[in-house]
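Note sheet for the following structure.
FYI, side chains are in, hydrogens and waters are out, and symmetry mates aren't considered; it's all heavy atoms of this structure.
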Amino acid sequence: TPHPPAPAAPRLVPPAPSAPPPAHHNWLTSADGTLSVGVGVYSDCGGQAPVPLGYAVIDTCIGGVLYFVGHNPGVFSPLMQMGAGARITYWDGGGNGHTYRIIATRSWRRSDGPPPPAADATVQFQTCQVADGSVDRILDATPA
């Protein structure tokens, strides 16, 4: 009796190369994974325009430091749990990562004006510490 033909050997197809990780542009991420948010620009030096709700911003009116602002509760809520030693990476518009290490945290009354940076700080992160916005939490940072 004739035998059925043997099944053809399966063709091995090499796996597709893995895609590169997605590029981040205008983005903040924390080393612990709790912060991951887009970054825009805030340039109303009179402070009349509200800070957007859905992303953080760089306040271009604060001189001498790179100054990030975001809402708590909201996109900057993770800052409330960060302290000295925490790391945050800012991915600029060109996709270049800049990692910063928090060196100090403090409360600051908004009525006292912009907070001066802690010694050696080149970056500051600001969010509301209380619901009425009268007190901010400030994180001072330096390049990691």
Side-chain angles (χ1 to χ4, degrees), residues 5-144:
R11 290 184 54 186
L12 297 178
V13 177
S18 60
H24 290 291
H25 295 356
N26 301 313
W27 203 263
L28 285 171
T29 58
S30 60
D32 67 3
T34 59
L35 178 69
S36 182
V37 64
V39 176
V41 174
Y42 183 86
S43 57
D44 177 13
C45 297
Q48 299 304 307
V51 171
L53 294 174
Y55 54 94
V57 292
I58 296 171
D59 188 335
T60 60
C61 300
I62 306 293
V65 294
L66 182 58
Y67 199 84
F68 293 92
V69 180
H71 284 283
N72 172 53
V75 298
F76 264 13
S77 291
L79 297 185
M80 300 304 291
Q81 306 306 318
M82 292 183 192
R87 292 177 187 265
I88 297 174
T89 300
Y90 167 54
W91 301 89
D92 64 25
N96 302 301
H98 308 274
T99 301
Y100 301 103
R101 182 178 52 84
I102 306 302
I103 59 170
T105 62
R106 57 200 156 116
S107 297
W108 187 263
R109 285 192 327 247
R110 190 167 293 175
S111 61
D112 290 339
D120 300 326
T122 57
V123 177
Q124 289 181 292
F125 300 90
Q126 176 220 310
T127 194
C128 292
Q129 186 166 315
V130 296
D132 70 3
S134 63
V135 179
D136 291 324
R137 179 171 172 87
I138 306 296
L139 285 74
D140 295 289
T142 59

- Message: Let's go through D140 and R106 carefully: what are the C-alpha distance in whole Å and the side-chain angles of both, what is the deciding distance for salt bridge (charged side-chain N to carboxylate O under 4.0 Å, His left out) to 0.1 Å, and is it a yes or a no?
- Response: CA-CA 9 Å; D140 295 289; R106 57 200 156 116; 2.9 Å; yes

Least distance between heavy atoms, [X] atom then [Y] atom:
X	Y	value
T29	S36	CG2-OG, 4.1 Å
N72	S77	OD1-OG, 2.8 Å
V69	F76	C-CE2, 3.6 Å
R137	L79	NE-O, 3.0 Å
G83	I102	O-CB, 3.5 Å
A86	M82	CB-CB, 4.0 Å

- Distance in Å, Q81 CD paired with D32 CG, rounded so as to fall on 0.5 Å steps: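 Answer for the CD-CG pair, Q81 versus D32, is 9.5 Å.
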
- Nearest-0.5 Å distance, CG of residue L35 to CZ of residue F125: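 L35 CG to F125 CZ: 8.0 Å, rounded to 0.5 Å.
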
- Task: Check whether the ring centres of F68 and Y90 lie less than 6.0 Å apart, and answer yes or no.
- Result: yes

- Would you please test V135 and W108 for side-chain contact (heavy atoms from CB on, under 4.5 Å) and show each step? CA-CA 6 Å; V135 179; W108 187 263; over 6 Å; no

- Message: Ignoring hydrogens and geometry beyond distance, is a side-chain donor-acceptor pair present between D92 and H25 at under 3.5 Å?
- Response: no

- Task: Check the side chains of D120 and T142 for a donor-acceptor pair under 3.5 angstrom, ignoring hydrogens and angles.
- Result: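 Short answer, no.
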
Heavy-atom distance under 4.5 Å between the side chains of [X] and [Y], does that happen here?
X	Y	answer
R87	S30	no
P114	Q124	no
T122	V65	no
Y100	L28	no

N/O donor-acceptor pairs under 3.5 Å from side chains in residues 53-61, not counting sequence neighbours:
residue	atom	partner	partner atom	Å
D59	OD1	C61	N	2.9
T60	OG1	Y42	O	3.2

- Message: Show, in sequence, the C-alpha distance, side-chain angles and deciding distance for Q129 and D136, and conclude whether the side-chain hydrogen bond (donor to acceptor under 3.5 Å, both in side chains) test is met.
- Response: CA-CA 5 Å; Q129 186 166 315; D136 291 324; over 6 Å; no

- Donor-acceptor pair, side chain of W27 and main chain of T89, under 3.5 angstrom: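 It does not hold such a pair.
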
- Short question: side chain of H71, backbone of T127 - any donor-acceptor pair under 3.5 Å?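 Side chain of H71 to backbone of T127: no pair is present.
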
